[in-house]
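Beneath this line is the structure, given in structure tokens, with notes to follow.
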Amino acid sequence: MSSSLARALPAAVKEIRLHLCQTGPASAGVREFLSSAYPAVKQANPDLPFLIREASGTPARIFARFERGQERHIELDGLSKADVEKRFSQLVG
């Protein structure tokens with residue numbers, strides 16, 4: 001896990017949402033990211049809502065909601081755990 005993930009996220013980040021399939025191969029990197037990085041991210045940001053939505057066949061995506069309701073997302077289907085970490089850092093950085 002990248003040490004940059006074990007830090008407080010900017011105050012402008014109001015919510016993180018992950019959508020993924022709980023069994024599909026396209027979401028494997030996201031599942032690995034959750035098992036390795038989620039505890040550190042949540043520990044560094046205990047008051048930040050970090051929602052995980054699992055549904056069969058759902059494409060892997062991460063959404064970040066910012067101040068004033070602005071929202072951005074990134075597609076994560078088929079990415080490795082390292083690529084998911086990189087995209088997460090880019091999204092919220």
Side-chain angles (χ1 to χ4, degrees):
M1 177 193 60
S2 171
S3 62
S4 66
L5 296 179
R7 63 172 170 71
L9 297 176
V13 179
K14 301 302 181 190
E15 178 184 273
I16 301 294
R17 263 187 346 267
L18 271 168
H19 293 199
L20 67 144
C21 176
Q22 61 269 53
T23 57
S27 293
V30 178
R31 290 191 301 271
E32 289 178 41
F33 167 79
L34 283 174
S35 65
S36 67
Y38 173 78
V41 172
K42 192 59 184 171
Q43 184 176 6
N45 303 279
D47 297 326
L48 179 69
F50 198 109
L51 311 171
I52 301 166
R53 303 291 184 241
E54 296 178 313
S56 182
T58 298
R61 290 181 263 195
I62 188 166
F63 294 81
R65 187 172 50 83
F66 298 90
E67 297 174 319
R68 300 186 185 114
Q70 179 190 15
E71 195 168 281
R72 293 189 306 223
H73 80 279
I74 295 178
E75 301 292 327
L76 303 174
D77 255 1
L79 298 180
S80 69
K81 180 185 84 141
D83 289 337
V84 172
E85 286 183 12
K86 183 179 173 184
R87 298 279 176 95
F88 176 77
S89 294
Q90 291 171 346
L91 180 65
V92 299

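Numbers for residues simply follow the sequence, beginning at 1.
- Within the 4.5 Å cutoff, the side chain of Leu79 has no heavy atoms near those of the Phe33 side chain.
- For the residue pair Glu85 and Ala37, the shortest heavy atom distance occurs at OE2-CB, 4.5 Å.
- Annotation: side chain of Asn45 is not in contact with side chain of Val13 (no heavy-atom distance under 4.5 Å).
- Judged as a side chain to side chain donor-acceptor pair (under 3.5 Å), and not counting sequence neighbours, Gln22 has no contacts.
- Applying the side chain to side chain contact (heavy atoms under 4.5 Å, CB included) criterion to Gln90, with sequence neighbours excluded, gives Lys86, Arg87.
- With hydrogens and angles ignored, the 3.5 Å screen pairs a side-chain donor or acceptor of Lys42 with a backbone N or O of Leu48.
- When the ring pair (Phe, Tyr, Trp, His ring centres under 6.0 Å) test is applied to Phe50, the partners found at least two apart in sequence or on another chain are Tyr38.
- Between Leu20 and Ile52, the closest side-chain pair of non-hydrogen atoms falls below 4.5 Å.
- The shortest non-hydrogen separation linking Lys14 to Ala11 is NZ-O, 3.1 Å.
- Pro25 pairs by the side chain to side chain contact (heavy atoms under 4.5 Å, CB included) definition with nothing, not counting sequence neighbours.
- Residues satisfying the side chain to side chain donor-acceptor pair (under 3.5 Å) criterion with Thr23, sequence neighbours excluded, are absent altogether.
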Side chain to side chain contact (heavy atoms under 4.5 Å, CB included) evaluation trace for Leu18 with Leu76: CA-CA 10 Å; Leu18 271 168; Leu76 303 174; 4.0 Å; yes
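- Listed by chain and number, the residues in a side chain to side chain donor-acceptor pair (under 3.5 Å) with Arg17 are Glu15, Glu71 (sequence neighbours excluded).
- The side chain to side chain contact (heavy atoms under 4.5 Å, CB included) test with Phe88 is passed by exactly one of Ile74, Val30, Leu9, Asp83: Leu9.
- Residues satisfying the side chain to side chain donor-acceptor pair (under 3.5 Å) test with Glu75, not counting sequence neighbours, are His73.
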Using residues 55-68 as the side-chain source, report each donor-acceptor pair under 3.5 Å to any protein atom, sequence neighbours left out, with the distance given to one decimal.
from: Thr58; atom 1: OG1; to: Ala55; atom 2: O; distance (Å): 3.0

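- Distance NE2/His19 to OG/Ser27: 11.5 Å, rounded to 0.5 Å.
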